[in-house]
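These notes are about the structure you will find just below.
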Amino acid sequence: MPRDNRFANGRTLSVLRDRTLLALSAVTTAILFAWLLYYSSYGFNLISEGFSLNSIANPFVYAINSPPTLFAFVYHWPYQWAERDIAVLRMANITLTIALGWMLSFLVIRRLWTVGWPQAAVLSAGIASLALVAFHMWFLTPSYYVMSFQSLLMVMIGLLVADQPGRIRRVLGWIVVGVGGWCCFMARPPTAAAIALLVMLYVVVLRRKSLLPMLGAALVALTLLIVVAYLIDRSMTGLMTRMVNSAHLEILLGDRHELSFMFRIDWLETSRGQLVIAMLTATALLLSILLGSTHKGLVSLALTAVLIAVIVIALLGTDPISIMLSTLFLVPAFICLGAMFYQEGLVLRTQSPTSIALALTFLVLPHVSALGSNVNYWFAGSMSALFWMLAVVAFLSPLAQQGDSVATLLPLTVLAQLLTASVIDTTMLKPHQQAKDLRAYTAVTPLPGGGQLVLSQPVHDYLATARAQARAAGLEVGTPVVDLSGRSPGLLYVLETRALGLPFLIGPWDSTPAHFGQPGPLVPYTGSNAAALEALGFEDCPDLAKAWVLIEPNGPHRLDQESVMASFGARQADYVAVGTFETPINAGDSDTYRQSLLKPVRPTALADQSCREARRQRPASLKRSQ
């Protein structure tokens, strides 16, 4: 009897430890989520977020899209519902991303592990916190990269729902697959093609008789695409013409979006220190999983310490780890590699077809999300690092038959939370192309729509000065502007103007520094001027005739002012400078550059006539857009 009591007491203590850790993990997940929401109104990337906001605010005014993405048409109505408040739009984007990650993680755990739904909800929420890594460059505004990740989450959610018993669930699941596939196309057409192939392979591996449901999902995606085609271009032919012209523009721009660059193998850049960190982390996690049954008290203390460290990182910004993005792949890879040697390959020998299919699918999904990108695939794929962690969850699922599933999954959950906190903290300390340390920003800046963001003082002063001078000079809301600085879409958005040609007329970029923080050489955009001429060729002469011009004469990314103006029959003498302001120094620049806002002084009728005459004189090879 005393022995039975000791056993009962030990089991009670074990359950109490698990519940305590689950509660602490739930609190940690909530803090991570609230952390990002709180700072969602901080910072503004004038280039990348400026491009996204210009695209979302006025998607229907452009005849082409560069890069070839239709994400802006999807986010246009949420942008309107948010009353153009960027902070609200960011919060919605963050919430949607982690909610989709939570749903997928929950379905994977319930499908492969023996865990009750309350415990699965907490564990999956902790693992899903890794979805927040999608914002590792502090681009919180909706973008085609994040939409691609969200779409893949939807597709996988649909597949797992469709795999459950019950006709209604199967139908609902395949509908979600179809909607997710359509979203993939709207975000990144190459990703849509790849995920369609992956879904077919997934079904074949599991030997499901799902031909009819797959056709149903394809029909859902096609129907949505037809509806969108008529909303955007009034026909499927018009939409296809848009995409073909957009692809041609990318080739002209020379930014490596061509088919020949799409299927490539990029090098995973890392360091010796990160390799050591990844190996030690994977070893510690495997020991906590595989030896937890005999040293559960010690493991519980270690996990509690890690969770407290995560909370400290989030609340105080103290991070001694500084995880690199490559580590987000290396840790799961080392975990899977180490698990192969447990009990003479038990994990490998007892895999089910479903766990194998899911593990392999999750393993390649980050690269699927990056397919067609002109940046390093490992770098772009790290935005979808949640899939790598879910590959580990699927790969280790045979351990569910060997012991307590909660005790096995808890270390993975805590690891996901630690990686998330480290990456986000590093991002906040060094946001891309912004001043260091978002927490130190104090300048509250009003933006279009009545919303406001907290920015660094230099960026606030830059935007406030430009806006004051522009309004004093008579620049009205909706005025067309040609941006020849090659890098100021954010300024045009704040001025509430309409950027002509494209939401972002990108200029040439130096090929030596790292682009978007990725390893390897930068894409130089050697065809920037030719692409600008092509894009502006789609604009009407009446709009170009009354357009203002933004220039940056000594800027590092400026477009050729003379040739671009000549393409619509204008010269600098046709404008007068009505505003001059200095660009802010941030992580993207080492110096300030003077920008000038030029106001047209020619009569509109004369400028319109000059534009038409210039277009008639263009070589036939350059008249594709007319």
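Counting begins at 1 with the first residue of the sequence. Given the structure is predicted, the values throughout are model-derived calculations rather than measurements.
None of Leu123, Thr413, Val310 except one satisfies the side-chain contact (heavy atoms from CB on, under 4.5 Å) rule with Ser25; the exception is Thr413.
Side-chain atoms of Arg111 and Leu107, non-hydrogen and from C-beta on, never get closer than 4.5 Å to each other. In this structure, Met383 and Phe135 have side chains that are not in contact, with every pair of non-hydrogen atoms separated by 4.5 Å or more. Under the 4.5 Å side-chain criterion, counting only non-hydrogen atoms from C-beta, Leu358 is in contact with Tyr202. At least one side-chain heavy atom of Ile86 sits under 4.5 Å from a side-chain heavy atom of Tyr493. Side-chain contact between Arg188 and Ser373: present, with at least one pair of heavy atoms (C-beta onward) separated by less than 4.5 Å. A heavy-atom distance below 4.5 Å is found between the side chains of Thr191 and Leu152. His432 is not listed as a side-chain neighbour of Trp138, based on a closest heavy-atom distance of 4.5 Å or more. Side-chain contact check for Leu37 versus Thr95: some heavy-atom pair is nearer than 4.5 Å.
The environment of Tyr38 atom OH is sparse: at most 12 non-hydrogen atoms of other residues, nucleotides or ligands sit within 6.0 angstrom. Around atom CD1 of Ile265, no more than 12 heavy atoms belonging to other residues, nucleotides or ligands sit under 6.0 Å away. Around the CD atom of Gln164, the shell of radius 6.0 Å holds more than 12 heavy atoms that belong to other residues, nucleotides or ligands. Residue Met91 qualifies as enclosed at atom CE: its count of foreign heavy atoms under 6.0 Å is above 12.
Note that OG1 of Thr408 is 6.0 Å distant from CG of Leu399, once rounded to the nearest 0.5 Å. Residue Ile94 holds its CD1 atom at 7.5 Å from CZ of Phe33, rounded to the nearest 0.5 Å. Note that CG of Leu46 and CZ of Phe504 are 10.5 Å apart. Values are rounded to the nearest 0.5 Å. Rounding to the nearest 0.5 angstrom, the gap separating the CG atom in Leu100 from the CE atom in Met156 is 13.0 Å. Residue Tyr62 holds its OH atom at 14.5 Å from CD1 of Ile232, rounded to the nearest 0.5 Å. Taking OG1 from Thr361 and CG from Leu390, the interatomic distance works out to 11.5 Å, rounded to the nearest 0.5 Å.
Remark: side-chain polar atoms of Thr223 are paired, donor with acceptor, to backbone N or O of Leu219 under 3.5 angstrom. Side chain of Gln351 to backbone of Val347: a donor-acceptor contact under 3.5 angstrom is found. A distance-only check finds no donor-acceptor pair linking the side chain of Trp174 to the backbone of Leu215 [under 3.5 Å]. Between the side chain of Ser41 and the backbone N or O of Ala87, no donor-acceptor pair lies under 3.5 Å. With hydrogens and angles disregarded, no donor-acceptor distance shorter than 3.5 Å links the side chain of Asn65 to the backbone of Pro68. Using a distance-only test at 3.5 Å, with no hydrogens or angles considered, no donor-acceptor pair links the side chain of Ser422 to the main chain of Leu418. No donor-acceptor distance shorter than 3.5 angstrom exists from the side chain of Tyr144 to the backbone of Met186, with no hydrogens or angles considered. Judged by distance alone, the side chain of Ser352 and the main-chain N or O of Ser355 form a donor-acceptor pair under 3.5 Å. Without hydrogens or angle criteria, Arg90 side chain to Ser40 main chain gives a donor-acceptor distance under 3.5 Å. Between the side chain of Ser105 and the main chain of Gly101, a donor-acceptor pair closer than 3.5 Å is present.
Of all non-hydrogen atoms in Pro165 and Arg169, the two that sit nearest each other are O-CD, 3.5 Å. In plain terms, the two heavy atoms of His136 and Ser382 that are nearest each other are NE2-OG, 3.4 Å. The minimum heavy-atom distance between Ala229 and Leu239, with the atom names listed, is CB-CD2, 3.7 Å. Nearest heavy-atom pair across Met324 and Glu269 is CE-O, 4.5 Å. Scanning all heavy atoms of the two residues, the minimum distance from Tyr377 to Gly372 falls at OH-N, 2.9 Å. Annotation for Leu275 and Thr270: closest pair CG-CG2, 4.1 Å, computed over non-hydrogen atoms.
Side-chain atoms of Ser326 and Gln274 form no donor-acceptor pair, as typed in the model, at a separation below 3.5 Å. A side-chain donor-acceptor contact under 3.5 Å links Asn93 and Gln150. Between the side chains of Ser148 and Ser151, no donor-acceptor pair is found at a separation under 3.5 Å. Checking Ser384 against Ser369 by side-chain atom types alone, a donor-acceptor pair falls below 3.5 Å. With 3.5 Å as the limit, one finds a donor-acceptor pair spanning the side chains of Trp102 and Ser124. For the residue pair Gln417 and Thr28, no side-chain donor N or O sits within less than 3.5 Å of a side-chain acceptor on the partner.
Note on ring orientation: taking the six-membered ring where Trp is involved, the planes of Phe51 and Phe71 are tilted (angle from 30° to 60°).
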Set out, in order, the CA-CA distance, both residues' side-chain angles and the distance that settles side chain to side chain contact (heavy atoms under 4.5 Å, CB included) for Phe44 and Val454, then state yes or no.
CA-CA 8 Å; Phe44 181 41; Val454 182; over 6 Å; no
Would Phe379 and Met137 satisfy side chain to side chain contact (heavy atoms under 4.5 Å, CB included), going step by step from the backbone distance to the final call?
CA-CA 11 Å; Phe379 175 82; Met137 296 180 68; 3.5 Å; yes
Side chain to side chain contact (heavy atoms under 4.5 Å, CB included) between Leu328 and Leu325, worked out:
CA-CA 5 Å; Leu328 298 175; Leu325 295 176; 4.0 Å; yes
Trace of the side chain to side chain contact (heavy atoms under 4.5 Å, CB included) decision for Phe362 with Phe395:
CA-CA 10 Å; Phe362 286 137; Phe395 186 74; over 6 Å; no
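Here the two rings, on Tyr145 and Phe139, have centers that are 6.0 Å apart or farther.
Salt bridge Arg439/Asp425: present, at least one basic N to carboxylate O contact under 4.0 Å.
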